[in-house]
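Below is one structure, written out as structure tokens; comments come after it.
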Amino acid sequence: MAAADRQRPPFVAMLRDSALAAVVAALLAVPLLGVRLVDNAGGLTLDYRLPLVLYAAAAVFAGRLLLSLAGHFLAPSFRDMTVSLPRMPRNSLIIVGWVLVAAAVLLPWMPFAERNLVDKLTLILIYVMLGWGLNIVVGLAGLLDLGYVAFYAIGAYAYALLSMHFGLSFWICLPLAGLMAALFGVALGFPVLRLRGDYLAIVTLGFGEIIRVVLLNWQAVTNGPNGITGIERPTLFGLSFSRAADGPTFAGFFGIEFSPVHRVYFLYYLILALALMTTLFAQRIRRLPTGRAWEALREDEIACRSLGMNPVTVKLSAFAIGASFAGLAGSFFATRQGFISPESFSFIESATILAIVVLGGMGSQIGIVLAAVLLVGLPEWFRDLSEYRMLVFGGAMVLIMLWRPQGLLSRREPTILLDPKPASAGATVP
Amino acid sequence: MLSVEGLHAAYGRIEALDGVDLEVKQGEIMSLVGANGAGKTTLLMSICGAPIVTAGRIVLDGEDLAGVPMHEIIRRGVGHVPEGRHIFPRMTVLENLRMGGYAVDPKHFSADLERVLALFPRLKDRLSQRGGTLSGGEQQMLAIARALIGRPRLLLLDEPSLGLAPLIALQLFQAILGINRDEKLTVLLIEQNAYQALKLADRACIMVNGKITLRGTGAELLANPAVQAAYLEGAA
């Protein structure tokens with residue numbers, strides 16, 4: 001935008017732009033709002049509601065104009081809307097991280113903690129864990145995976161089926177489910193090795209759908225759309241959280257009164273532990289050759305080949321390890337719900353997890369927590385807003401992408417530092 | 001050390017190399033000079049195992065490289081500095097160098113790091129800076145330093161002077177000469193900057209349309225009137 005344009009507001013252009021938007025809105029509103037089918041005694045008739053179309057057009061006109069004016073006066077241009085956070089010292093993020101962990105551990109003991117809150121936090125933590133897991137694939141290795149929910153589903157079904165048919169306990173099934181998901185990760189990895197970016201995204205999307213459709217139609221094994229019910233609940237070293245069980249119960253062992261809340265809290269700590277394991281693993285592996293190779297592959301594949309890296313093994317390991325965390329989360333999901341069906345593993349789940357990773361700032365662990373709270377937590381708390389929820393959600397996403405197109409927290413921390421002086425000279429590269 | 005015999009390579013039906021013979025001897029700098037599209041980079045990629053070779057042999061230290069994947073060739077002691085630098089922009093210089101040691105025993109890293117930093121002192125001040133923030137010349141130094149961390153016996157350089165100011169390019173060539181003389185590292189250099197490349201070279205080849213048309217020592221080719229007319233007009 002030229003400087004001259006900024007001094008004199010281009011009102012004419014704004015009006016023209018707004019009018020155009022209003023026309024488009026009117027055209028869209030005619031079929032959406034303007035016509036309604038009415039079920040009369042004599043059959044169906046059309047009811048025309050043209051004022052509604054005009055209202056919609058007027059609203060869009062006013063909104064568009066206001067937006068242009070706001071854009072003109074408040075921010076010189078939309079490009080300048082991006083805000084940069086103050087550069088925090090390296091250690092402060094680590095401190096924030098530990099404070100968050102401490103808060104998460106202590107939270108159920110707080111006076112305001114009640115079952116509902118802990119339940120919601122458990123749900124958020126599932127997505128945090130999924131986000132951290134997907135971050136290995138997308139954020140570190142740069143492989144855009146739109147079918148991540150498939151591994152989540154595989155983990156869930158792996159646990160449900162193993163527990164149902166072989167009576168294996170949750171703790172035995174957990175690693176098996178992770179392993180199973182990792183195997184499927186490799187199975188997906190092989191055919192897509194040559195693909196990158198959008199092409200990879202499309203194939204992984206297809207893979208996610210294939211898994212869901214198989215779960216839906218393989219009646220004999222998965223019980224199809226009816227799902228699997230009565231999945232065994234987890235135990236704490238063999239202590240059951242039921243009121244009465246064959247074995248010892250948690251309440252009985254500790255001599256406290258039975259309360260269903262115990263299980264809720266137990267599940268909360270379980271997913272907290274699993275999620276922390278995921279992030280600690282991700283932090284650690286970034287500093288090891290495997291993790292560094294993932295990041296290098298994301299940056300420049302040609303260079304990686306020139307350095308003697310075998311992209312096949314590097315990509316497969318990223319897929320497998322990322323998938324295994326989804327598998328762990330999946331079996332937790334199954335044991336928490338006690339019921340799973342293909343419905344829980346639709347594409348929108350993959351999209352949500354990916355949105356969490358992108359919004360959080362690819363590769364940022366704390367950013368993902370923030371994004372999970374925003375994307376999963378807020379819609380849960382604002383259920384009262386019912387259908388406006390998605391509208392607010394969409395609007396929030398647009399705003400965030402305008403302000404922080406690179407995600408909430410996107411600074412990449414170096415994995416090795418010079419010993420004596422801290423790395424501070426690095427300028428940020430978007 | 002490296003010998004290429006009757007190499008043909010093609011991209012689909014387009015023939016890029018038309019019977020190339022090349023011998024690189026231990027400890028020398030061999031320069032390969034040619035215009036755009038002459039097949040220089042294709043030759044280098046073929047040596048690195050790109051699956052475009054249709055006929056001929058590539059032998060490294062007596063071993064035929066046919067069918068050996070690129071990462072394995074690199075691990076056998078070939079350092080490759082790709083055309084256009086290809087450093088990791090979001091990683092720090094130190095991390096870039098660390099990646100250079102991906103295929104070698106990590107116990108060598110600290111000694112190797114000191115060695116390459118002595119060679120390119122400019123990088124020393126930039127260690128914690130992100131690769132993408134370096135200047136073009138520094139990026140090229142980083143790319144070469146990174147390849148050296150991989151402890152190659154044969155270094156393949158693909159147009160290191162690409163897009164660099166003449167003075168920076170000169171420094172770079174001096175550094176390459178230094179590596180060759182001090183560490184006895186064999187170098188195969190591909191260049192369009194014919195004057196510098198020939199001046200540096202022990203032996204050199206001129207490549208035109210997928211064939212090597214002239215061979216000789218660097219000095220011989222520099223003095224050759226045909227070479228002067230085609231590549232050195234106005235230079236020197």
Side-chain angles (χ1 to χ4, degrees), chain A residues 87 89-90 138-142 193-194 285-317 361-364 406-407 410-430, chain B residues 44-45 48-50 69-106 109-110 113 124-134 139 142-143 146-147 149-152 155-158:
Chain A
R87 276 280 296 289
R90 221 185 79 72
V138 178
L140 291 185
L193 280 172
R194 290 166 182 280
I285 201 152
R286 268 193 71 207
R287 290 171 175 75
L288 296 176
T290 318
R292 233 184 249 133
W294 291 340
E295 281 198 84
L297 197 70
R298 178 196 65 197
E299 300 262 291
D300 197 319
E301 188 162 342
I302 294 174
C304 286
R305 288 174 187 273
S306 295
L307 298 174
M309 190 184 292
N310 183 356
V312 173
T313 49
V314 175
K315 282 187 189 176
L316 285 184
S317 64
M362 299 245 210
S364 162
Q406 69 280 65
S410 57
R411 227 176 87 74
R412 179 183 171 277
E413 291 301 333
T415 57
I416 24 173
L417 299 170
L418 296 172
D419 285 336
K421 57 175 185 189
S424 56
T428 44
V429 176
Chain B
L44 214 59
M45 292 316 294
C48 286
M70 179 165 183
H71 58 94
E72 186 52 43
I73 294 175
I74 302 289
R75 279 159 199 260
R76 288 187 192 178
V78 177
H80 178 228
V81 181
E83 186 177 5
R85 305 173 198 133
H86 285 283
I87 52 135
F88 303 115
R90 274 165 58 99
M91 291 186 163
T92 63
V93 170
L94 187 59
E95 284 174 307
N96 266 280
L97 293 171
R98 192 75 193 75
M99 284 310 302
Y102 181 78
V104 292
D105 193 331
F109 182 69
S110 51
L113 181 66
K124 204 169 195 164
D125 312 323
R126 305 260 187 268
L127 277 178
S128 50
Q129 198 168 318
R130 274 151 220 268
T133 65
L134 299 185
Q139 289 192 4
L142 176 57
R146 190 178 61 183
I149 297 261
R151 314 194 126 221
L155 186 64
L156 309 177
L157 294 166
D158 198 343

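Throughout, protein chains are lettered first and strands after them, A, B, ... in sequence-line order, and every chain is numbered starting at 1. Keep in mind it's a predicted model, so treat the numbers as computed, not measured.
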Among His71(B), Glu72(B), Arg75(B), the one residue meeting side chain to side chain donor-acceptor pair (under 3.5 Å) with Asn310(A): His71(B)
Top contributor to chain A interface from Met99(B), Met91(B), Glu95(B) [non-hydrogen pairs under 4.5 Å]: Glu95(B)
Chain A interface, residue from Gly150(B), Pro69(B), Pro82(B) that has the most non-hydrogen pairs under 4.5 Å: Pro82(B)
Contact leader toward chain B among Ser306(A), Pro289(A), Pro311(A), where contacts are heavy-atom pairs under 4.5 Å: Ser306(A)
Listed partners of Glu83(B) passing side-chain hydrogen bond (donor to acceptor under 3.5 Å, both in side chains), at least two apart: Thr41(B)
Those residues that, when tested against Glu301(A), pass side-chain hydrogen bond (donor to acceptor under 3.5 Å, both in side chains) (two or more places apart): Arg196(A), Arg305(A)
Value rounded to 0.5 Å, distance of CG in Asp300(A) from NE2 in His86(B): 5.5 Å
Part of Ile87(B) within contact of chain A (heavy atom distance under 4.5 Å): backbone
Minimum-distance pair of heavy atoms, taken over all atoms of Glu299(A) and Phe88(B): OE1-C, 3.3 Å
Minimum-distance pair of heavy atoms, taken over all atoms of Ile74(B) and Leu307(A): CG2-C, 3.7 Å
Side-chain touch Arg298(A)/Arg90(B), heavy atoms, less than 4.5 angstrom: yes
